[in-house]
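Quick caveat: nothing in here was measured; it's all calculated off a predicted structure.
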Amino acid sequence: MGETRKTVSTEKMRVYFTVDTETSMAGAWNDPTKRPLPLERSIFGKNDSEYYGIPLIMDILEAHGFRGTFFTEMLCSYVLGRSEVQNVVSYIRSREHDVQLHLHPVYWYYHCFLQGQPRREKDLMFELPLDEQEKLIRIGVDLFGQFSGVAPRAYRAGCYGASEVTLDISRRLGIEVDSSYNLCYLDRSCGFQRRPLNGPAHLAGIQEFPVTNFRVAFQPGYKPLEIGAVSVGEILTTMNLLKQAGCRDVVISLHSFSFIKVLTERHCQPDRVAIHRFKKLCAAISQLSGEVDVAVLGEANLGDGPLNGSDCVPCLGLVRPAMRKVVQGLNRIPWI
């Protein structure tokens, strides 16, 4: 897997399901009795005999013949153990999904802190000096190669914390595709200068595939196509408007714990709303098979053709977002 690159139809819209496959610090900085959550909980989502993490995400994708790109965090291996991350990478590859590189610097600095070095709670790659960025990305690329046997082709920074400088470093280390750009997080955790960008573009020598966003009429800011944050109707409407504008690529974002509402070291509660939403979305996209290809970023076609509609940010009306907010509000009730 990963070495054979599939070329999808240029006439169809391409949808990429991307999953940030990672754990949580879980308060470890402030409580010496705590550690980052074990990957069995935060990535596999194990609760008793059920799995609500990447196994369930894959089950739903595979039910429709789809594959996902799983951006897998490497640096937590210094805290939770190499075998834990190796197990995740092997599992993704065994099910023939696309595994790519994800890095949260906080785990490296927490590891250094445990070794007696000064405390540095830093997690945004673009805020680090150039030499530190290069060091950590190089470590991540090396770990990825050790765990998978191949070099990563694509990268996403933790918290979308990249910039043009980060992309230039990634390019020099062999990365061809980046998916760190997210309009919703610009000037917060995302450090890019170019804006707006909402579709593939050549940026700092790399092919950037930003997470797709939309706007809501009469409201500031942007909404990313994250399965836990927006409705199926909003996603499908955004896809249609982008297609009309000439943009053929849509990047949808999940986390390995997107289907979990309560996540602790000993307990997790499934998020039935998010699970139902994802099933409904995959079923809807499956019905559009004549118009849409579901692809993976590790096999994205990086041809020289024009990349249209990269600056288009669709504006949705007020009705669908209002309905989604009602559902989100109800879903915050713990027992639902």
Side-chain angles (χ1 to χ4, degrees), residues 2 5 16 18-22 69-79 85 89 98-112 117 120-211 251 253 296-300 302 304 307 310:
R5 295 178 183 172
Y16 304 89
T18 65
V19 185
D20 288 3
T21 307
E22 61 189 33
T69 295
F70 291 78
F71 285 106
T72 304
E73 210 287 314
M74 295 286 118
L75 297 175
C76 68
S77 61
Y78 284 96
V79 180
V85 180
V89 172
D98 179 37
V99 60
Q100 297 298 336
L101 180 63
H102 191 50
L103 297 175
H104 274 278
V106 68
Y107 295 108
W108 171 259
Y109 292 116
Y110 181 66
H111 161 71
C112 293
Q117 296 184 31
R120 291 185 70 192
E121 294 184 50
K122 305 288 287 185
D123 200 29
L124 299 181
M125 186 70 77
F126 80 93
E127 291 185 341
L128 302 176
L130 189 148
D131 60 335
E132 288 191 53
Q133 291 192 50
E134 181 168 352
K135 173 184 176 180
L136 292 184
I137 297 173
R138 188 181 298 278
I139 290 173
V141 168
D142 288 345
L143 287 170
F144 188 96
Q146 293 171 35
F147 295 147
S148 69
V150 296
R153 189 186 190 220
Y155 169 68
R156 174 176 288 164
C159 301
Y160 307 106
S163 68
E164 285 84 354
V165 172
T166 313
L167 265 59
D168 183 61
I169 295 169
S170 300
R171 176 189 58 78
R172 289 190 276 107
L173 294 176
I175 302 293
E176 297 179 89
V177 173
D178 185 82
S179 187
S180 304
Y181 193 109
N182 192 327
L183 276 169
C184 178
Y185 295 98
L186 286 181
D187 301 322
R188 295 158 60 191
S189 65
C190 192
F192 290 96
Q193 296 303 306
R194 177 169 173 177
R195 57 197 69 192
L197 187 62
N198 203 39
H202 300 295
L203 193 60
I206 280 186
Q207 187 96 341
E208 179 64 37
F209 283 81
V211 173
V251 177
S253 176
V296 294
L297 289 176
E299 299 169 5
L302 306 186
D304 296 327
L307 298 169
S310 62

Does one side chain, of [X] or [Y], offer a donor that lies under 3.5 Å from an acceptor on the other?
| X | Y | result |
| --- | --- | --- |
| D131 | Q133 | no |
| R156 | S179 | yes |
| Y160 | S253 | yes |
| E176 | Y155 | no |

Least distance between heavy atoms, [X] atom then [Y] atom:
| X | Y | answer |
| --- | --- | --- |
| L124 | G158 | CD2-O, 4.5 Å |
| G191 | S163 | O-CB, 3.5 Å |
| S180 | E208 | N-OE2, 3.2 Å |
| S148 | V89 | CB-CG1, 3.8 Å |

Do the side chains of [Y] and [X] get nearer than 4.5 Å, heavy atoms only?
| X | Y | value |
| --- | --- | --- |
| L130 | V165 | yes |
| F192 | L186 | yes |
| Y109 | L128 | yes |
| L101 | V141 | yes |
| L203 | L197 | yes |
| H102 | T21 | no |
| N198 | S310 | no |

Salt bridge or not for [X] and [Y], using N-O below 4.0 Å?
| X | Y | result |
| --- | --- | --- |
| E299 | R153 | no |
| D168 | R172 | yes |
| R171 | E164 | no |

If you round to the nearest 0.5 Å, how far is [atom2] of [Y] from [atom1] of [X]?
| X | Y | atom1 | atom2 | value |
| --- | --- | --- | --- | --- |
| C190 | Y185 | SG | OH | 10.0 Å |
| L75 | L103 | CG | CG | 5.0 Å |
| Q100 | D178 | CD | CG | 11.5 Å |
| L297 | T18 | CG | OG1 | 7.0 Å |
| I175 | I206 | CD1 | CD1 | 7.0 Å |
| I137 | E132 | CD1 | CD | 12.0 Å |

Begin from the C-alpha positions of C159 and D123 and carry the test side-chain contact (heavy atoms from CB on, under 4.5 Å) through to its verdict.
CA-CA 8 Å; C159 301; D123 200 29; 3.6 Å; yes
Do the rings of Y107 and H104 sit parallel, tilted or perpendicular, given the 30° and 60° boundaries?
perpendicular
Would you please classify the geometry between the F209 ring and the Y16 ring as parallel, tilted or perpendicular, with 30° and 60° separating the classes?
perpendicular
Starting from the C-alpha separation in whole Å, work towards a yes-or-no answer on side-chain contact (heavy atoms from CB on, under 4.5 Å) for S77 and F147.
CA-CA 11 Å; S77 61; F147 295 147; 4.2 Å; yes
Residue pair L136, M125: steps toward the side-chain contact (heavy atoms from CB on, under 4.5 Å) verdict
CA-CA 9 Å; L136 292 184; M125 186 70 77; 4.1 Å; yes
Give the C-alpha distance, both sets of side-chain angles, the deciding distance and a yes or no for side-chain contact (heavy atoms from CB on, under 4.5 Å) between F144 and T72.
CA-CA 9 Å; F144 188 96; T72 304; 5.7 Å; no
